[in-house]
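See structure below.
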Amino acid sequence: MTGFNMDSFRLDGKVALVTGAVYGIGFGIAEALAAAGAKIVFNSLTEEAVQQGTLAYQEKGIDAKGYVFDVTDEEAVKIAIQQIKEDVGSVDILVNNAGIIKRTPMTEMTVEDFRQVIDIDLNGPFIMSKAVLPDMVAKGHGKIINICSMMSELGRETVSAYAAAKGGLKMLTKNICAEFGGNNIQCNGIGPGYIATPQTAPLREDGHPFNEFIIGRTPAARWGTVEDLQGSAVFLSSPASDFVNGHILYVDGGILAYIGKQP
C-alpha cells in the first residue's frame, strides 16, 4: 500500500479559469490556485477592470491573463474559451465565481431585476461549464467549482432572486456530477459563509445590528475571511478530491449546524 503523497494537492501546469476574479473571493481563490502551481486566467466585463486585475495579480507575483467577456453571452464565452485554449491551454479547472446580488423585498423587485440575477448567477455557470466540458471530456479529467452560498440552503428577507439562483446552482452542481462523473470530471461547490471583504466592511462595524447578528449566528463567533476559502478551493481543484463529486462544501464557521442562541 502506498503512503499519502502531499503532491496530490499540487496543480502544476493546470489552467484555472476563475470568473470575475478581479478582487474579493474570486481573487483570493485564484491566488491560492496559483500558489499550488496553476496558471491563472480570469475575466471581467471591461478592459479597465481586466487591467486592474492584471496589476493586482502582478503585485502578488502572479502572471495571470485576463479576458473581457460576459458570462451570460454564450457566443462571447465560446470565443473566449477558444482564445484561452490557444493562448494558455484548454481549461482544466473552472471556478464559477462571477455573480451579483440585489437586496430588494420580493414584492418590490422587478421581474427584470430577478431575471438579471438568475442570468448571471445561474445561467452564467451553465454557459461557462457547457463551454469547457467538451475539452475536459476529451482529456479525461476536469474540475468545476461553483461558488454557492448560504442561500443555497437558507432563505432570508430581500434576497429571493439570489436564493433562487444559488439554490439552482447547488442542483446544477449535482447534475454536472451525475452527467459527467464517468468522464473523470468532478463538479463541486463551495458555499461561503459571511466573509469579511471591503464590500461588507460597513456591516462589520462594532455595534452594527447585522454584525452582531452574524457573530451570534456563527459558532466560530466571527466573520470568515477570504483566506478561509483558499484551502477548500485548492482541495476541490486538485487530484486529492478525485472521488469527491456533487458535494457542496460549506465554509461557514458552522452556521448551517446551528439553530442560534436562545434569547
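- Contacts classified as ring-ring contact (aromatic ring centres under 6.0 Å, His included) and involving residues 189-222 (residues at least two apart or in different chains) are given here: Tyr194-Phe210, Phe210-Phe213.
- Nearest heavy-atom pair across Phe69 and Leu45 is O-CD2, 4.0 Å.
- By the salt bridge (Lys or Arg N to Asp or Glu O under 4.0 Å) test, Asp7 is found to be paired with no residue, residues two or more places apart in sequence or in another chain being considered.
- Ring planes of Phe9 and Phe235: tilted class, angle from 30 to 60°.
- Proximity of a side-chain donor or acceptor of Asn97 to a complementary backbone N or O of Val18 within less than 3.5 Å is not detected.
- Around atom CG of Asp63, no more than 12 heavy atoms belonging to other residues, nucleotides or ligands sit under 6.0 Å away.
- Considering only residues two or more places apart in sequence or on other chains, Phe27 meets the ring-ring contact (aromatic ring centres under 6.0 Å, His included) condition with Tyr57.
- If you take NZ on Lys39 and CD1 on Ile93, they are separated by 11.5 Å, rounding to the nearest 0.5 Å.
- A side-chain donor-acceptor contact under 3.5 Å links Thr200 to the backbone of Ile195.
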Please report the C-alpha distance between Leu94 and Ser129 in whole Å, then the side-chain angles of each, then the deciding distance to 0.1 Å, and finally whether the side-chain contact (heavy atoms from CB on, under 4.5 Å) criterion is met.
-> CA-CA 7 Å; Leu94 169 65; Ser129 299; 3.9 Å; yes
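- Under the 3.5 Å distance criterion, the side-chain polar atoms of Thr218 are left unmatched by any main-chain donor or acceptor of Ile215.
- Every residue meeting the salt bridge (Lys or Arg N to Asp or Glu O under 4.0 Å) condition with Asp228, not counting sequence neighbours, appears here in chain and number order: Arg222.
- When every heavy atom of Ala164 is checked against every heavy atom of Phe114, the shortest pair comes out as CB-CZ, 4.1 Å.
- In this structure Tyr258 satisfies the ring-ring contact (aromatic ring centres under 6.0 Å, His included) test with no other residue, sequence neighbours excluded.
- The minimum heavy-atom distance linking Ala36 with Val234 is given by the pair CB-CG1, 4.1 Å.
- Other residues, nucleotides and ligands contribute only 12 or fewer heavy atoms inside 6.0 Å of the CZ atom of Phe126.
- Taking a cutoff of 4.0 Å between a charged side-chain nitrogen and a carboxylate oxygen, Arg103 and Glu157 do not qualify as a salt bridge.
- Between the side chains of Glu112 and Gln116, not a single donor N or O lies within less than 3.5 Å of an accepting N or O.
- Of the possible donor and acceptor atoms, one in the side chain of Asp252 sits under 3.5 Å from a partner among the backbone N and O of Gly254.
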Enumerate, atom names and distances included, each donor-acceptor pair closer than 3.5 Å involving a side-chain atom of residues 133-148, sequence neighbours excluded.
| residue | atom | partner | partner atom | Å |
| --- | --- | --- | --- | --- |
| Asp135 | OD1 | Lys85 | NZ | 3.1 |
| Asp135 | OD2 | Lys85 | NZ | 3.4 |
| Lys139 | NZ | Ser90 | OG | 2.9 |
| Lys139 | NZ | Val91 | O | 3.4 |
| Lys139 | NZ | Asp92 | OD1 | 2.5 |
| Lys143 | NZ | Gln186 | OE1 | 2.8 |
| Lys143 | NZ | Ser238 | O | 3.0 |
| Lys143 | NZ | Ser241 | OG | 3.1 |
| Lys143 | NZ | Asp242 | OD1 | 2.8 |
| Asn146 | OD1 | Asn96 | ND2 | 2.8 |
| Asn146 | ND2 | Thr173 | OG1 | 2.9 |

Given the rule in the salt bridge (charged side-chain N to carboxylate O under 4.0 Å, His left out) test, do Lys170 and Glu153 qualify, once you have shown the distances and angles that lead to the verdict?
-> CA-CA 9 Å; Lys170 175 183 75 170; Glu153 301 290 344; 3.4 Å; yes
